[in-house]
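So the structure is just underneath, and the comments pick up after that.
When a residue number appears, it is its place in the shown sequence, counting from 1. Indexing begins at 1, ligand by ligand and atom by atom, following the structure's order.
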Amino acid sequence: MIVVVSLGGSILTPPDASTLKAYADVIRQASADHKLIVVAGGGRTAREYIKVVRELGADETTCDYHGIDATRMNARLLVTALGPDAYPAIPVDYEEVRRHMQCGKTVVMGGTSPGHTTDAVAAMTAEHVRADLFVNITSADGVYTADPKTDKNAKKLDRITPRELVEIVAQTEMKAGPTTVMDILAAKIIERCGMPTVVVNGDDPKNLLRAIDGTHNGTVIKA
Ligand code: UTP
C-alpha cells in the first residue's frame, strides 16, 4: 500500500531524540511492507516563530512562510533520524514528492504554500500519489462530535463518512479556532477524492502500525 502520514507537530515538538528514534523505528517497520510518505507538522516551533513574526507586524502570509520553515525543520529532523532509509531532500511541492518516491525510500516533507496546515498538505499528497491510506497522527485519540476540551458531552466516533468529517470540522473550527483535529481544507480534499483515512493518537508511535493494520482504536473515515 501507499500510505501518507501526517505527523502532528505536537508530537515532534519540542524536539526530542527518543521520540524521533521511536518514530523512525515504526516508520522503518511499516516501510518493510508499504511505501510511506510522512508530512511533519510545525507544532510549538511554528507557533513560537509565528508569534514573534506577528509581533514584528508581518502579514499572515509571512507568518505562514515562517510556519512552513518550522515544519521543514521538523521534517529534516525526521530525515536525520531515518538516516539511509529516508530520501535525503525535502520536497517542496506535490510533483517533487512523486519524483522522490521513485527511489523507494521513505519521503519526508513539511509544508508547501501559505494558507493551510500540513494536514491539508498530507491530504493533497495522498490524492496526488493515489495513496491507499491517509493516517493522521495527532494529539487527540480520534474525531469527536465536538471539541472534547470544551464540551464534556463530546463523544469519540469510531467510523464516519468524509461528509460527516467536513461537517464536524466546519462546526468546531468556527468555535474553537486552531485546535481542531484536522483543517477544513484537509477534510474537503479527503471528501473530494474519497481517501480512506484513519485518525489516531501519536503518544504511542506504534499507533502508526495499528492504523495501517486496522487494529487501532482511533477513527476511520470512509465513504
Ligand atoms: P502545522 O501543519 O504544524 O499547523 O503548520 P498546526 O495547526 O500547528 O498543526 P499541528 O499542531 O502541527 O498538528 C504550522 C503553520 O505553518 C503554516 C501555517 O501557518 C500553520 O499554522 N503552514 C504550514 C502553511 O502556511 N502552509 C503549509 O503547507 C504548512
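By the 3.5 Å distance cut-off applied to N or O atoms, Asp119 is not counted among the residues near ligand 1. At a 3.5 angstrom cut-off on N or O pairs, Gly9 counts as close to ligand 1. Considering backbone and side-chain N/O of Thr118, one or more are found under 3.5 Å from N/O of ligand 1. Considering backbone and side-chain N/O of Cys63, none are found under 3.5 Å from N/O of ligand 1. In terms of N/O distances under 3.5 Å, ligand 1 is approached by Thr112.
Residue Thr138 does not touch ligand 1, judged by heavy-atom distances below 4.0 Å. When heavy-atom distances to ligand 1 are checked against a 4.0 Å cut-off, Asp183 has no atom that comes that close, whether in backbone or side chain. Both the backbone and the side chain of His116 come within 4.0 Å of ligand 1, counting heavy atoms alone. Contacts between Val121 and ligand 1, counted as non-hydrogen atom pairs separated by less than 4.0 Å, involve the side chain only. Of the heavy atoms in Ser139, none comes closer than 4.0 Å to ligand 1.
Of the options Thr215, Asn217, Asp204, a side chain to side chain donor-acceptor pair (under 3.5 Å) to Arg210 is made by Asp204 and by none of the others.
No donor-acceptor pair under 3.5 Å is formed between the side chain of Thr138 and the backbone N or O of Asn136. The main-chain N or O of Ile2 is found under 3.5 Å from a side-chain atom of Asp132 such that the two form a donor-acceptor pair. At least one donor-acceptor pair closer than 3.5 Å links the side chain of Thr13 to the backbone N or O of Arg44. In this structure a side-chain-to-backbone donor-acceptor pair under 3.5 Å is present from Thr71 to Gly111. Without hydrogens or angle criteria, Asp183 side chain to Thr117 main chain gives a donor-acceptor distance under 3.5 Å.
Close approach of ligand 1 to Thr117 (heavy-atom distance below 4.0 Å) involves ligand atoms 2 (O), 4 (O), 7 (O), 29 (C). Here is the list of ligand 1 atoms found below 4.0 Å of a heavy atom in Arg47: 8 (O), 11 (O). Close contacts of ligand 1 with Gly43, meaning ligand atoms under 4.0 Å from a residue heavy atom, involve 3 (O), 12 (O). Distances below 4.0 Å separate heavy atoms of Gly115 from the following atoms of ligand 1: 25 (O). Those atoms of ligand 1 that come under 4.0 Å of a heavy atom in Gly8, given as number and element, are 13 (O). The ligand atoms of ligand 1 that sit less than 4.0 angstrom from a heavy atom of Thr71 are 5 (O). For ligand 1 and Ala46, the ligand atoms under 4.0 Å from any heavy atom of the residue are 14 (C). Annotation for ligand 1: atoms under 4.0 Å from non-hydrogen atoms of Ser113 are 24 (C), 25 (O), 26 (N), 27 (C), 28 (O).
Contact between Ile50 and ligand 1 is present, with at least one heavy atom of the residue lying under 4.0 Å from the ligand. Residue-ligand proximity: His66 is placed with every non-hydrogen atom at 4.0 Å or more from ligand 1.
Checking Asp59 against Thr62 by side-chain atom types alone, a donor-acceptor pair falls below 3.5 Å.
Glu127 is listed as a side-chain neighbour of Arg192, based on a closest heavy-atom distance under 4.5 Å.
Using a 30° and 60° split on the angle between ring planes, His128 and Tyr94 fall in the perpendicular class, above 60°.
Interatomic distance, Ile11 CD1 to Asn74 CG, rounded to the nearest 0.5 Å: 11.0 Å.
For NZ of Lys35, the number of neighbouring non-hydrogen atoms (other residues, nucleotides, ligands) closer than 6.0 Å is greater than 12.
With sequence neighbours left out, the side-chain contact (heavy atoms from CB on, under 4.5 Å) criterion links Ala154 to Tyr144, Thr145, Ala146, Pro148, Asp151.
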